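Supplied in structure tokens, the structure appears directly below.
Quick note on labels: first sequence line is chain A, next is B, and so on, each numbered from 1. Every value quoted in this text rests on a predicted model; they were computed, and no experiment measured them.
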Number of protein chains: 2
Amino acid sequence: MGRPRTPLLSADRIADAALELVNATGGFTMPALAARLGVRPSSLYNHVAGRDAIVELLRERAMSEVELPSCDPGQPPRPWREAVADIARSYRRSYSRYPRLIPLLTAYPVNSASAITMYNTLAVTLVQAGFDHADTLRVITLIDYLVLGSALDVAAPEEPWLASAEVGPEFAAALATATPNPHRADDAFEYGLSVLLTGLEA
Amino acid sequence: MGRPRTPLLSADRIADAALELVNATGGFTMPALAARLGVRPSSLYNHVAGRDAIVELLRERAMSEVELPSCDPGQPPRPWREAVADIARSYRRSYSRYPRLIPLLTAYPVNSASAITMYNTLAVTLVQAGFDHADTLRVITLIDYLVLGSALDVAAPEEPWLASAEVGPEFAAALATATPNPHRADDAFEYGLSVLLTGLEA
DNA sequence: ACCTGAACACCGTTCAAGT
DNA sequence: ACCTGAACACCGTTCAAGT
């Protein structure tokens with residue numbers, strides 16, 4: 001066929017299609033991706049170094065919509081508790097838009113520009129609130145754990161435990177309160193955020 | 001060659017070898033596994049349903065060494081804070097023995113007998129401490145997030161962020177306090193556990 | 001019962017050939 | 001510059017054939 005007059009592909013279109021496949025099936029393969037784009041697998045390599053590079057593009061997407069609180073200089077500074085909570089919620093909101101994507105990203109840490117900007121803002125807020133540098137890193141790490149854990153939770157299949165004979169009455173009663181996802185993971189995240197901030201204030 | 005007088009393989013030996021491969025390389029393939037066992041790939045299927053079944057065996061291993069606090073009936077009951085902390089630590093210790101295994105397990109939730117026993121014990125402790133059933137589930141979920149997050153953290157490659165120009169002074173100072181893993185993740189886990197328990201007491 | 005060898009469908013990637 | 005088709009090495013799995 002040769003070169004088309006206007007390119008059929010771009011890195012962006014490839015990432016779009018890959019994300020759709022991940023949302024629909026929980027993963028993607030190069031042949032499936034090519035088919036969805038109406039193209040042959042080898043064509044993808046004109047725009048992207050390989051499969052790993054596509055995963056990196058998806059990682060960027062996962063972080064791309066973190067919106068940081070705009071602090072107007074004229075305004076009185078907000079309590080650090082609220083500022084941290086807003087950042088954590090925005091982080092999680094961006095990260096949780098594509099729940100089935102998250103398991104593909106756990107191999108390496110987030111390393112995108114948006115992520116660094118967010119960590120910077122968190123660090124400024126926490127240092128201003130009086131945390132020393134070591135605790136600042138610890139708190140950022142904990143927020144990471146909370147966001148990652150609850151994001152993975154959204155995509156996890158419903159537990160078949162209820163059927164198991166080994167479940168004791170207390171745990172069974174706790175499980176009986178579980179709501180369907182994504183609500184359950186949202187709820188756990190909010191609870192965790194609240195407990196975290198309360199614990200930090202002490 | 002035909003059938004050997006004494007079997008060369010067993011599900012246990014296969015799991016052992018797979019775990020060694022995961023520890024060494026971060027993953028395993030059926031051919032590599034067979035080679036390490038001195039056998040042909042097709043032989044594995046006499047003992048194991050397939051690759052996924054091997055992953056399930058590894059999942060069992062990850063949870064297999066959770067040791068629960070033995071509560072002597074004659075003794076005065078321990079404070080729930082200590083009991084929960086002990087369980088969480090043991091959970092994490094078992095889960096973190098094979099850090100490079102954890103990323104392979106994030107697709108589905110833990111569903112082994114040891115896991116259920118641990119959740120049961122946690123639920124009993126929390127209900128006795130006065131948490132209602134919904135909060136009991138939330139706290140167990142949070143402990144899961146903390147253990148999973150810090151276990152994944154151990155295997156994560158060191159962040160190359162220090163080099164990035166986008167890192168601001170506060171975040172850079174926080175990063176400068178980072179110790180090498182696994183100490184860093186251990187430290188974050190202990191800090192998180194302490195913050196969590198403090199937050200829960202309020 | 002348990003190991004083997006050949007075979008199958010599939011995957012990620014490369015590259016010369018086309019326009 | 002960008003798509004194609006053929007090719008390569010690799011993967012997970014099956015199954016008849018051997019003992």
task: For dG5(D), take OP1 and OP2 only and decide whether either is under 4.0 Å from a side-chain N or O of R40(A).
output: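 For dG5(D), OP1/OP2 do have a side-chain N/O of R40(A) under 4.0 Å.
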- prompt: What integer distance in Å separates I14(B):CD1 from dC2(C):P?
  reply: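 Checked: the CD1 to P distance equals 11 Å.
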message: I need the CG-P distance between L21(B) and dC11(D), as an integer number of Å.
response: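 For the pair L21(B) CG and dC11(D) P, the rounded distance is 11 Å.
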message: In terms of relative ring orientation, are F171(A) and Y119(B) parallel, tilted or perpendicular, with 30° and 60° separating the classes?
response: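 Aromatic pair F171(A)/Y119(B) classed tilted.
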- prompt: For DNA chain C, whose closest nucleotide is more 5', that of T29(A) or that of S43(A)?
  reply: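 That would be T29(A).
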message: Does dG12(C) have OP1 or OP2 under 4.0 Å away from a side-chain N or O of R51(A)?
response: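 The answer is yes; a side-chain N or O of R51(A) sits under 4.0 Å from OP1 or OP2.
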field: Side chain of S42(A) (C-beta onward), nearest among dC15(C), dT4(C), dC3(D)
entry: dC15(C)
is_close_aromatic(Y145(B), Y145(A)), centroid dist under 6.0 Å: no
query: Distance under 6.0 Å and angle within 45° of the ring axis: does R89(A) meet both against F189(A)?
result: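 Checked: cation-pi criterion not met.
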query: Rounded to whole angstrom units, what separation is found between the OH atom of Y45(B) and the C1' atom of dC2(C)?
result: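 In whole Å, dC2(C) C1' and Y45(B) OH are 16 Å from each other.
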query: What's the CG-P distance between L44(B) and dT14(D), to the nearest Å?
result: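 Distance, rounded to whole Å: 12 Å.
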- prompt: Which sits closer to the 5' end of DNA chain D, D52(B) or R3(B), going by the nucleotide each is nearest to?
  reply: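 Mapping each residue to its closest nucleotide by heavy atoms, the 5'-most match is D52(B).
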- prompt: Can you check the L33(B) CG to dC10(D) P distance for me, whole Å?
  reply: 17 Å
field: Check: S90(B) side chain, E67(B) main-chain N or O, donor-acceptor pair, under 3.5 Å
entry: yes
- line: Atom CG of L37(B) and atom P of dT4(C) are separated, to the nearest Å, by 11 Å
- request: If dG18(D) has a Watson-Crick or G-U wobble mate with both distances under 3.5 Å, name it; if not, just say none.
  value: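 The base-pairing partner of dG18(D), which may sit in any strand shown, is dC2(C).
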- request: Check the side chains of S94(B) and R97(B) for a donor-acceptor pair under 3.5 angstrom, ignoring hydrogens and angles.
  value: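 Yes, a side-chain donor-acceptor pair sits under 3.5 Å.
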query: For dA7(C), what is the paired nucleotide under Watson-Crick or G-U wobble rules, both distances under 3.5 Å?
result: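 Answer to the pairing question: dT13(D), which forms a Watson-Crick or G-U pair with dA7(C).
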query: Within the structure, does a side-chain N or O atom of H47(B) lie under 4.0 Å from either OP1 or OP2 of dC3(C)?
result: yes
query: Starting at CG of L8(A) and ending at P of dA1(D), how long is that distance when rounded to a whole Å?
result: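 The distance from CG of L8(A) to P of dA1(D) comes to 17 Å, rounded to the nearest Å.
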field: For atom CD1 of I54(A) and atom C1' of dG12(C), their distance in whole Å
entry: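 To the nearest whole Å, that distance equals 10 Å.
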